[in-house]
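Heads up: the structure comes next, in structure tokens.
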Amino acid sequence: MSVAALHKKEMAPKEYKSDVNVVWCPGCGHHGILNAILRSLSELGVDPTNLVNVSGIGCSSRTPYFMQSYKMHTLHGRAGPVATGVQLARPDQLVCVTGGDGDGFAIGGGHMPHMARRNVNLTYILFDNGIYGLTKGQYSPTSRRELKAYTTPYGGPDDPMNPLLYMLTYGATYVAQAFAGKPKVCADLIKGAMEHKGFSYVNIYSQCVTYNRIDTIQYYRDLMREIPADHDPSDLGAAIELARGDTEGHRPMGLLYQVQRETLDERLAAIVKQVGGHPDFDRNKIINQYRP
Amino acid sequence: MSVAALHKKEMAPKEYKSDVNVVWCPGCGHHGILNAILRSLSELGVDPTNLVNVSGIGCSSRTPYFMQSYKMHTLHGRAGPVATGVQLARPDQLVCVTGGDGDGFAIGGGHMPHMARRNVNLTYILFDNGIYGLTKGQYSPTSRRELKAYTTPYGGPDDPMNPLLYMLTYGATYVAQAFAGKPKVCADLIKGAMEHKGFSYVNIYSQCVTYNRIDTIQYYRDLMREIPADHDPSDLGAAIELARGDTEGHRPMGLLYQVQRETLDERLAAIVKQVGGHPDFDRNKIINQYRP
Amino acid sequence: MSKANDLIIRVAGEGGEGIISTGDFIAAACARAGLEVYTFKTFPAEIKGGYAMYQVRVSSERVYNQGDTFDVFCAFNGEAYELNKHLLTPGTAFVYDYPGGDFQPDAIPEGVTAYPIPMSQASKDLGSYRSKNMVAMGALSVLFNISEETLKQVLTNKFKKKGEEILNFNLKAFEKGKELGTALQKRDTWRVADPVEPKDVIIISGNDAVGMGALLGGLEFFSAYPITPATEIAKFVATHIPKLTGTLVQAEDEIASIAQVLGASYAGRKSMTSTSGPGLSLMSELLGMASMGEIPALVVDVQRGGPSTGLPTKHEQSDLFLAIHGTHGDAPRVVLSVEDVKDCVDMTVDALNLAEQYQCPVILLSDGSLAFSTQTIPAPKPENYTLVNRKRWDGEGKYFRYAITEDLISPMSDPGTPGGEHIATGLEHGASGAPSWSSENHEVMHRKRFGKIKGLVDTYKPVEVDGEGEADVGIIAWGSTIGVVRESITRLRAEGIKVKGFYPKLMWPMPVAQYEAFAATCQKILVPEVNFQGQLSHFIRAETTIRPIPYTICGGLPFNPAMIVNKVKEVL
Amino acid sequence: MSKANDLIIRVAGEGGEGIISTGDFIAAACARAGLEVYTFKTFPAEIKGGYAMYQVRVSSERVYNQGDTFDVFCAFNGEAYELNKHLLTPGTAFVYDYPGGDFQPDAIPEGVTAYPIPMSQASKDLGSYRSKNMVAMGALSVLFNISEETLKQVLTNKFKKKGEEILNFNLKAFEKGKELGTALQKRDTWRVADPVEPKDVIIISGNDAVGMGALLGGLEFFSAYPITPATEIAKFVATHIPKLTGTLVQAEDEIASIAQVLGASYAGRKSMTSTSGPGLSLMSELLGMASMGEIPALVVDVQRGGPSTGLPTKHEQSDLFLAIHGTHGDAPRVVLSVEDVKDCVDMTVDALNLAEQYQCPVILLSDGSLAFSTQTIPAPKPENYTLVNRKRWDGEGKYFRYAITEDLISPMSDPGTPGGEHIATGLEHGASGAPSWSSENHEVMHRKRFGKIKGLVDTYKPVEVDGEGEADVGIIAWGSTIGVVRESITRLRAEGIKVKGFYPKLMWPMPVAQYEAFAATCQKILVPEVNFQGQLSHFIRAETTIRPIPYTICGGLPFNPAMIVNKVKEVL
Ligand SMILES: Cc1ncc(C[n+]2csc(CCOP(=O)(O)OP(=O)(O)O)c2C)c(N)n1
Ligand SMILES: Cc1ncc(C[n+]2csc(CCOP(=O)(O)OP(=O)(O)O)c2C)c(N)n1
Ligand code: SF4
Ligand code: SF4
Ligand SMILES: [Mg+2]
Ligand SMILES: [Mg+2]
């Protein structure tokens, strides 16, 4: 969504917080991401009345409770299509999804490609901690095999997925990554995502201090490499190369990809225009087609 | 699956056919794919008793009925995980999925990444006709926007997905593509897939002569370009480049990618080995852990 | 049971031979001639080819169902003949492709009037097999008094788009058929009633009618996934909703469809989806979210033969259990069921209204036979429909999304409304929407959610009672079975048998008092339904004191009036 | 109602303070001392912190439920005190963190014996807050006669893995607590019964017991997706099944889990999944496929507060509608429900057996309170379980997968068996599995699928009847409510009230004759259940002639015996 059209407000980041207690464990990376979101909203001057924040189920999916705005706490894996419905119904609002790696890529994985290729005009912020936090620590699609978790006491049998590569392949028009330890970077990338018109995906690594003892904040710090300044974000091939990581297994931090493409609501609006749609269209014209 | 281990048979392609009438429209590309499958089974000498053929719902998903073998005609979109269950239960059998673009990438799209990244040892043959055939012609995730179909009388609003790129991104260990008009090429690629140990994906364009009037066999003929002989199928980057198509929008035909990686059943077997698993393991040892 | 002015013509043959268009033309011509039409089709379950059947019942009076069997049968091929020959009973007329067709019938039974027409041959002589159905239609028109004038108008309307040449070719074939028909001597008494003053009607299928109802009901957002026998609803909406600036999405699956519907509805739009049994099963979880989050949502379920993939192109009324009980936990829903094509229009409007009014999921049940049945119905008048909008917050004071109000319905607030920010949630919650784990609150909220729809049994016209006073047998029927029962009751009364009918359209919550009052006037209660377990009977036993006699068939075909008549006599 | 040898100790405080381990240690020590133990916990719904409660009921005789309330309450913090202080009634004992804790209680009520123990302070003095629970345990052990010997054994077993140092530190804190407890004068009469000869028991939670039952039942393949409160089943199986060469997969969602289960089962393996309500909703469609394709499959549903996300960590018995009716079309299932932890072991074996025997989906219902309740049960003897394997084809003649046999169960054939090639399908089919669209076949196959499980109501031990002769009130209970009713009945009888109990474990198909026979001996029938609509009452009304009095609570907490006792007196 380009937020330019939204009624602007001057509000400090903390004014975007609701009065619901933040229930995350102390030290959880999700705190940092929440703060980054609040900060980007403030910097953009978003009026919370025009923001719809949608989530599924998970620790990360509790985010909407902690924020001022219209919001939906939906079902595990379903934030994406619910948010799609919101956005198509109200293209004049800023729509945002906050959710986890399990929510987005395990049970919700079937919806991701379609949101992206349709270029649904919303921002998807994925709190990637390589674990199912809320259910007390099972491995997720982004878990490393080394992780011994609840249902994988002998280590995981699956190779982790690569969210960035998926999103680039799916046709997201804005793809970025950071980690919770860099709130300023996160805020900037989220801001960029919200300003972007089209489907924006921001992957933020987040340490789950309670159940994922191997993906620590230090691990992420060592893992991440800033994207070189000369990277051209409109070059899909280059973005794919970056997403695949370097030879030592480092992961990119920053904006990988950004292009402009017609959004789904624009395309649907074009069809309405093409048929000369009007709310007061005479329904009798349709009925009359069925006269014998 | 490597079929080497399977009891070998000498059977002509047509002997692999069942006596159920093939109900597809005359001229449908699916006929060619079925024949290619029968041919590869024959060339490999597969004993149909050791073949489990799983499908979902769609015209293409009727394939199992027309073949000799163990087979399951499951639900729309669920062939993948059902076949995963079969394969893990019986790693000594050859497991195969036959299904459509809608079945595999719309309703079944959430299962695809996980089968691929887990390297489930089975062959997935996707009959890609850019349409929902069985339900009489709605646009599918691989439909071009130009296609005017049942629910998209004014043209489709979505950009089509790229199955090959998805599969490479997902971590499939064998990725190939052809079109139904080249039965020999299809048969060779399917044969390679069945011989491959790991998750093999073969995308076969198939003309739906009844509902997709724009993706004709001639269209596919013009679309496809043989993969250059010097392509290195173990080079993921090169495969991704190929999958993205050339500048004129042509699509690759042949084997894009093949690597060896441990399969899911191998990894699970390794865990069994690690804990010293045995069918006659004394269950009292487990029970005794719960004595106070 | 057909009278001269109540005629049933069945046309059957190979799918693709023009069976469906023949039926459609006849139906439209009769409707144009001011007559009442009820059609019934069965499709091949095969992808292409296979046996197709189209039956047109036409009368100068209202018709409520497809009838018992045909009066006139027109066989396009040998398979159609083989499948129907046992129905060629004395009195029926039999038109068939001969000579030159792919079969020769057995000896024509005593009392059957046979009219061999060389349809294939004539068509071939004209230069194209594709006109076989036109030849048939020409013959049928002269033999059975189908208005030539209106038939020609219908044909002209249809073919003129395709160009003069095609039109003329088809008209030529039609003339040829007339000629062939005229050459034969009319020996039976079957004839379509003469044209009368055209009425203000439309002729439309159940699925299209649901789409029409949706647009008349103010639908703004539609998302669905294709599935037989519901897809035509999406097609209708896709074609027309852009004209009204509404939105249609074909989603990646049924879960995404209902998810999008909930999102769009939260955002303030009247929203719906349509599906069949397998899709409704997949929606179970999100329908619970709609109950809990109090989000208006309409799901139209066009039932088909189950369970599982079942008999996907066949009729059944077997999703009632799922519609009422299909989610975990205690979750209130409104379930409605249509009787006929007119209901498909009107009750879709009702269903959208109820969803808005009660802020909950509404499931509207149609079925496979209605989906494709075309019927003449009074042309809907857009201005006659009263639309209900959800209660919206007035902007006064502090906003509580789930406030306990007098009628237990809490005002909603659309995104963009200052001060109305809130959360919609599937977690149990207090008035504000914030999670609440207390037992007391859970109970209060359950009472709110169930309580708000309770009054519906009195405010929504829940049932229709057919007959007065005492009866020996009362028949309770739902869905398209109602139309069959209506006619059975007329016939039974004509024989002096005391019967009454009870036709619920509001399936859940159950209008228990009305059921009881009806049953109190009947010696016995018979409940015919097209499913195996007797699903409505189950709910009647559970929720009322009535002990009905279930009469179930599960064959993929609807009842016909004779079956009900016989059954009533049996239980009498 | 507790006697001296039937003591209920409740420990409560902030999640993470060692509440759960304190309870576990006490329970294990008592079990080791030969006593019977029944524990009950509530978890915070919050991610970390929040109120946690652990209640241990211990007796020298068998205990059936968590009891009415506590005899001894140990408060770790002010929140725990606030939430429980209304239960500090005369006769109870109250142990609390004072001085040095985060609260000071109000005046101690008349008749309550208070034991202030400076748990935090003592722990801090020892150098770590983490030993607060050890201090508490030491005090509780001397004050209430919890066997020091067995407690120390349990502690040692637990901590020795973590090293000598940690063990010693904890033992020191324990000693400190003993010292503090000894310094106070014992003024109440509550004491745990003295140790007796240890019995051949295990102490295990409901979820672990399901896992154990699965392995004893010959489970070979398990696939599930994590969900509260069922995940521990997967954890148990993940830990142990590889030892038996079986396979566990954590799938990408519940749909994939049940799909994998069907695949593995088709391939010849005993297969299951476990989930809670939201997952069961998602499985609706594939469960219909299992009915139609006649594929053995076990789903364990650990019910939680619904609908939708509901009260995910709370108890409820509200998935009965979904379990029985949750798919489109008419689809037969077997639904079982466990009473207690012992059932969790034994009936999981039964459930696997029934799935194999009847080739259909079996749903085993547990619930949120049983999931985490640990109970002493006789140590299972693997050799005592009889395992059933599916009927397999004998290789003779031509193979028809869905052949109509005398008992309506058709032999299956595993992949790799020559001549046994066949299709399993969700389409309606004839004997071979090939699609069949005829009405007659549909009816035949419905009768087969429903008919094969009919006999179950006589062959599977469906119910238990508690009491003989006539009664004024008969109580029908299911799930963990049964244990509560058992004790209520004992109390009511002690008061001379004539009551009987009826405890169905086979929920569907319903053993109607047994229900009727029971009801015939009772003046009134009361059906207590923890859901809003009275789900079992619904089925009783629908399937029997009984008109029960529903007694529903939907608060997220189980019943206690006093509630049932009072209700019986009320309806008497
Ligand atoms: C249908 C369904 N299945 C399972 C669950 C249980 N569940 C809740 S949250 C969750 C995983 C959360 O992981 P993630 O999305 O990564 O979020 P995190 O807690 O790590 O932030 C699961 C499996 C559920 N709520 N609904
Ligand atoms: C749950 C569910 N939703 C929808 C359907 C209806 N349906 C059957 S096949 C099909 C699409 C088939 O398209 P594809 O997979 O591309 O196969 P094709 O017919 O083109 O070979 C659909 C939507 C169904 N059977 N089940
Ligand atoms: S469990 Fe993990 S993800 Fe959840 S709040 Fe705690 S640290 Fe964060
Ligand atoms: S409808 Fe299309 S896909 Fe189906 S059989 Fe006919 S041509 Fe093939
Ligand atoms: Mg996570
Ligand atoms: Mg297709």
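Quick note on labels: first sequence line is chain A, next is B, and so on, each numbered from 1. Reckoned from all heavy atoms, side chains included, excluding hydrogens, waters and symmetry mates.
Note: D:Ile255 leads D:Ile295, D:Val345, D:Ile255 in heavy-atom pairs under 4.5 Å with chain B. Taking B:Pro81, B:Ala269, B:Gly277, B:Ala83 one by one and counting their heavy-atom pairs under 4.5 Å with chain D, the maximum is reached by B:Pro81. Among D:Gly268, D:Ala256, D:Ala28, the residue making the largest number of heavy-atom pairs under 4.5 Å with chain B is D:Ala256. Here D:Ala31 is the residue among D:Ala31, D:Pro198, D:Gly246 with the most heavy-atom pairs under 4.5 Å with chain B. In terms of heavy-atom pairs under 4.5 angstrom with chain B, the leader among D:Val261, D:Leu286, D:Val154 is D:Leu286. Of all the listed residues (D:Gly426, D:Gly420, D:Ala434), the one sharing the greatest number of non-hydrogen pairs under 4.5 Å with chain B is D:Gly420. Ranked by heavy-atom pairs under 4.5 Å with chain B, the list D:Ala424, D:Gly419, D:Ala33 is led by D:Ala424. Counting heavy-atom pairs closer than 4.5 Å to chain D, the top residue among B:Leu75, B:Leu268, B:Leu88 is B:Leu75. Among B:Gly276, B:Ala89, B:Pro292, the residue with the largest count of heavy-atom pairs under 4.5 Å with chain D is B:Pro292.
Atom CG of residue D:Leu219 and atom CG of residue D:Leu298 lie 8.0 Å apart, to the nearest 0.5 angstrom. Within the model, atoms CD of B:Glu195 and OG1 of B:Thr123 stand 10.0 Å from one another, a figure rounded to the nearest 0.5 Å. Of the inter-residue distances, the one linking B:Phe127 atom CZ with B:Cys28 atom SG reads 9.0 Å to the nearest 0.5 angstrom. The OG atom of B:Ser42 lies 12.0 Å from the CG atom of B:Asn35; values are rounded to the nearest 0.5 Å. Between B:Met167 atom CE and B:Thr173 atom OG1 the span is 11.5 Å, to the nearest 0.5 Å. The structure places CD1 of D:Ile377 at 8.5 Å from SG of D:Cys344, a figure rounded to the nearest 0.5 Å.
Closest heavy-atom contact between B:Ala193 and B:Val202: CB-CG2, 3.6 Å. The minimum heavy-atom distance between B:Cys96 and B:Ile125, with the atom names listed, is SG-CD1, 4.0 Å.
Judged by distance alone, with hydrogens and angles left aside, the side-chain atoms of B:Ser40 form a donor-acceptor pair with the main-chain N or O of B:Ala36 at under 3.5 Å.
Salt bridge annotation for B:Glu43-B:Arg39: present, with a cationic side-chain nitrogen under 4.0 angstrom from a carboxylate oxygen.
You'll find the side chain of D:Phe236 reaches within 4.5 Å of the side chain of B:Ile286, heavy atoms only.
Contact annotation for B:Ile287: both backbone and side-chain heavy atoms come within less than 4.5 Å of a heavy atom of chain D. With a 4.5 angstrom heavy-atom cutoff, B:Pro48 touches chain D only via backbone atoms. Using a 4.5 Å cut-off between heavy atoms, D:Val37 makes no contact with chain B at all.
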>> Checking B:Leu38 against B:Lys14 for the side chain to side chain contact (heavy atoms under 4.5 Å, CB included) test, could you report, in this order, the C-alpha distance in whole Å, the side-chain angles of both residues, the deciding distance, and whether it holds?
In response: CA-CA 7 Å; B:Leu38 302 177; B:Lys14 67 170 189 296; 5.9 Å; no
Can you check whether chain D and chain B share any donor-acceptor pairs under 3.5 Å, and give the atom names and distances if they do?
{"from": "B:Thr49", "atom 1": "O", "to": "D:Gly416", "atom 2": "N", "distance (Å)": "2.9"}
{"from": "B:Thr49", "atom 1": "OG1", "to": "D:Glu421", "atom 2": "OE2", "distance (Å)": "2.4"}
{"from": "B:Tyr65", "atom 1": "OH", "to": "D:Thr425", "atom 2": "OG1", "distance (Å)": "3.0"}
{"from": "B:Tyr70", "atom 1": "OH", "to": "D:Ser413", "atom 2": "OG", "distance (Å)": "2.7"}
{"from": "B:Tyr70", "atom 1": "OH", "to": "D:Asp414", "atom 2": "O", "distance (Å)": "3.0"}
{"from": "B:Tyr70", "atom 1": "OH", "to": "D:Thr417", "atom 2": "O", "distance (Å)": "2.7"}
{"from": "B:Tyr70", "atom 1": "OH", "to": "D:Gly420", "atom 2": "O", "distance (Å)": "3.3"}
{"from": "B:Lys71", "atom 1": "N", "to": "D:Tyr266", "atom 2": "OH", "distance (Å)": "3.1"}
{"from": "B:Lys71", "atom 1": "N", "to": "D:His422", "atom 2": "O", "distance (Å)": "3.0"}
{"from": "B:Lys71", "atom 1": "O", "to": "D:Tyr266", "atom 2": "OH", "distance (Å)": "3.4"}
{"from": "B:Lys71", "atom 1": "O", "to": "D:Ala424", "atom 2": "N", "distance (Å)": "3.0"}
{"from": "B:His73", "atom 1": "N", "to": "D:Ala424", "atom 2": "O", "distance (Å)": "2.8"}
{"from": "B:His73", "atom 1": "O", "to": "D:Gly426", "atom 2": "N", "distance (Å)": "3.3"}
{"from": "B:His73", "atom 1": "ND1", "to": "D:Thr425", "atom 2": "OG1", "distance (Å)": "3.4"}
{"from": "B:Ala89", "atom 1": "O", "to": "D:Arg269", "atom 2": "NE", "distance (Å)": "3.0"}
{"from": "B:Ala89", "atom 1": "O", "to": "D:Arg269", "atom 2": "NH2", "distance (Å)": "3.0"}
{"from": "B:Arg90", "atom 1": "NH1", "to": "D:Pro415", "atom 2": "O", "distance (Å)": "2.9"}
{"from": "B:Arg90", "atom 1": "NH2", "to": "D:Pro415", "atom 2": "O", "distance (Å)": "3.3"}
{"from": "B:His111", "atom 1": "ND1", "to": "D:Glu252", "atom 2": "OE2", "distance (Å)": "2.9"}
{"from": "B:Arg118", "atom 1": "NH1", "to": "D:Glu252", "atom 2": "OE1", "distance (Å)": "3.0"}
{"from": "B:Arg118", "atom 1": "NH2", "to": "D:Gln250", "atom 2": "O", "distance (Å)": "3.0"}
{"from": "B:His278", "atom 1": "N", "to": "D:Lys243", "atom 2": "O", "distance (Å)": "2.7"}
{"from": "B:Arg283", "atom 1": "NE", "to": "D:Leu215", "atom 2": "O", "distance (Å)": "2.8"}
{"from": "B:Tyr290", "atom 1": "O", "to": "D:Ile203", "atom 2": "N", "distance (Å)": "2.8"}
{"from": "B:Tyr290", "atom 1": "OH", "to": "D:Asp208", "atom 2": "OD2", "distance (Å)": "3.4"}
{"from": "B:Arg291", "atom 1": "NH1", "to": "D:Asp200", "atom 2": "OD1", "distance (Å)": "2.6"}
{"from": "B:Arg291", "atom 1": "NH2", "to": "D:Asp200", "atom 2": "OD1", "distance (Å)": "3.1"}
{"from": "B:Pro292", "atom 1": "O", "to": "D:Arg32", "atom 2": "NH1", "distance (Å)": "2.8"}

